[in-house]
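Data block below; observations after.
Because the structure is a prediction, the values reported are computed rather than measured.
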Amino acid sequence: QRNIDEKTQSLSKLIGGPDPLDIKSQELAIQQRNNTLRDAEEKLIDFVRMMWPAVEPGRELVEGWPLEALCEHLEAVTDGRVSNLIVNVPPGFMKSLATNVFWPAWVWGPRNRPHTRFMAFSYSQSLTIRDNIRFRQVIMSSLYRKNWGDRFGPSEDSFSTIKVANDKTGRKLASSVGGSGLGEHPQ
């Protein structure tokens, strides 16, 4: 095999063309990227895996059945198969990241529903603001903009930590138990 590779590289240099083996590996890399992109558009869990570094660079994503189940249930909400969802898992199981960061970003971009409106409430507004900041990190990341940036842009009027809006009437509002949500009309 080594002898064949050396001859192929020598031939490529002689005729001035690219290495055919290198072209094959590039084609394989493109195919794998397309498969990953297609998976991220179809399954929320695959989107979370793909976009995790935008939110937690340098930290490994710890997966398990609770995250997979939560993602499947959020997909069902997106598709209209579930209209009411209560999530009860212990702290640290990615409830906030899954529901307030990755899911809205997945709906707006990969699912191509940028008109969707979200409202997040918590006992403390600082937590919903934290999640809006992370949400903005995802939708403004170079990877996200490269793949789904043509589907919407940030709103010129409202792109803050409390209200993140886009140019397709979609928005994500952060509020708290004492805050107001009247008149926002989330979906």
Side-chain angles (χ1 to χ4, degrees), residues 40-56 61 63-64 66-141 143-145 147-187:
E41 289 179 341
E42 292 176 10
K43 296 287 187 185
L44 178 56
I45 187 70
D46 291 319
F47 177 76
V48 170
R49 290 173 182 137
M50 178 185 227
M51 297 308 301
W52 177 256
V55 176
E56 292 288 348
L61 172 64
E63 296 183 47
L67 177 59
E68 291 174 10
L70 178 55
C71 288
E72 288 177 13
H73 281 80
L74 291 170
E75 289 171 15
V77 171
T78 303
D79 296 338
R81 294 178 282 131
V82 170
S83 58
N84 295 305
L85 179 63
I86 296 175
V87 179
N88 289 312
V89 293
F93 277 68
M94 284 186 55
K95 286 184 302 290
S96 296
L97 280 171
T99 59
N100 293 329
V101 177
F102 291 112
W103 179 49
W106 181 70
V107 170
W108 279 11
R111 298 304 285 200
N112 201 18
R113 296 181 186 176
H115 59 278
T116 307
R117 297 172 182 174
F118 296 90
M119 187 179 311
F121 283 89
S122 178
Y123 68 90
S124 169
Q125 190 171 19
S126 66
L127 295 176
T128 54
I129 288 173
R130 173 203 65 192
D131 292 339
N132 263 10
I133 291 169
R134 289 173 162 179
F135 170 72
R136 287 189 330 177
Q137 287 174 321
V138 171
I139 65 171
M140 297 308 294
S141 70
L143 180 59
Y144 190 95
R145 301 305 308 159
N147 292 306
W148 304 290
D150 61 332
R151 298 182 179 181
F152 69 91
S155 168
E156 293 179 16
D157 300 330
S158 188
F159 200 71
S160 68
T161 56
I162 293 175
K163 187 175 185 181
V164 179
N166 66 44
D167 60 356
K168 304 289 188 220
T169 71
R171 60 183 175 256
K172 184 174 177 302
L173 177 71
S175 194
S176 62
V177 175
S180 175
L182 292 175
E184 291 297 331
H185 309 286
Q187 292 159 321

message = Could you tell me if the side chain of Arg134 sits less than 4.5 Å from the side chain of Asn100, heavy atoms only?
response = no
Residues Leu173 and Lys163: closest non-hydrogen pair is CD1-CB, 4.2 Å
CG of Asp157 to OG of Ser155, rounded to nearest 0.5 Å, is 4.5 Å
*Is it the case that more than 12 heavy atoms not belonging to Lys95 sit under 6.0 Å from its NZ atom?*
yes
Could you check if a side-chain atom of Ser158 sits within less than 4.5 angstrom of a side-chain atom of Arg171, using non-hydrogen atoms only?
no
- Message: Using modelled atom types and a 3.5 Å cut-off, is there a donor and acceptor pairing between side-chain atoms of Arg151 and backbone atoms of Gly109?
- Response: yes
Original post:
Mind checking whether Arg49 and Glu63 have side chains closer than 4.5 Å, heavy atoms only?
Top reply: yes
Interatomic distance, NZ@Lys43 vs CH2@Trp106, rounded to 0.5 Å, equals 8.0 Å
Correct closest heavy-atom pair for Trp108 and Thr116 would be NE1-O, 2.9 Å
Min side-chain heavy-atom separation Met51-Leu143 under 4.5 Å: yes
Taken to the nearest 0.5 Å, the spacing of Phe152 CZ from Arg145 CZ works out to 5.0 Å
Rounding to 0.5 Å, atoms CD1 (Ile162) and CD1 (Ile129) come to a distance of 4.5 Å
* Asked: Should Thr99 and Leu70 count as side-chain neighbours, where that means a heavy-atom distance under 4.5 Å?
  -> yes
Nearest heavy-atom approach of Pro114 to Asn166 is O-ND2, 2.7 Å
Those residues at least two apart in sequence (or on a different chain) that pass ring pair (Phe, Tyr, Trp, His ring centres under 6.0 Å) with Trp148 are Phe47, Tyr144
Throw together a table of side-chain donor-acceptor distances under 3.5 angstrom for residues 73-91, partners on residues two or more places apart or in other chains.
residue, atom, partner, partner atom, Å
His73, ND1, Ala69, O, 2.7
Glu75, OE2, Leu44, N, 2.8
Thr78, OG1, Leu74, O, 2.9
Thr78, OG1, Trp103, NE1, 2.7
Asp79, OD1, Arg111, NH2, 3.0
Asp79, OD2, Arg81, NH2, 3.3

- Side chains of Ser96 and Leu127: closer than 4.5 Å at any heavy-atom pair? no
| request: Check for a donor-acceptor pair, side chain of Asn132 on one end and backbone N or O of Thr161 on the other, with a separation under 3.5 Å. | output: yes
Tightest non-hydrogen contact, residues Ala120 and Lys172, listed as CB-NZ, 4.5 Å
Tightest non-hydrogen contact, residues Ala40 and Pro110, listed as O-CB, 3.9 Å
Tightest non-hydrogen contact, residues Val138 and Ser141, listed as O-OG, 2.8 Å
Flag the pair Leu61 / Met94 as yes when at least one side-chain heavy-atom distance between them is below 4.5 Å, and no otherwise.
yes
Taken to the nearest 0.5 Å, the spacing of Phe102 CZ from Ile45 CD1 works out to 9.5 Å
For this session: Apply side-chain contact (heavy atoms from CB on, under 4.5 Å) to Arg117 and Thr169, showing your working.
Result: CA-CA 8 Å; Arg117 297 172 182 174; Thr169 71; 3.8 Å; yes
Considering only heavy atoms from C-beta outward, does the side chain of Glu41 approach that of Asn112 to under 4.5 Å?
no
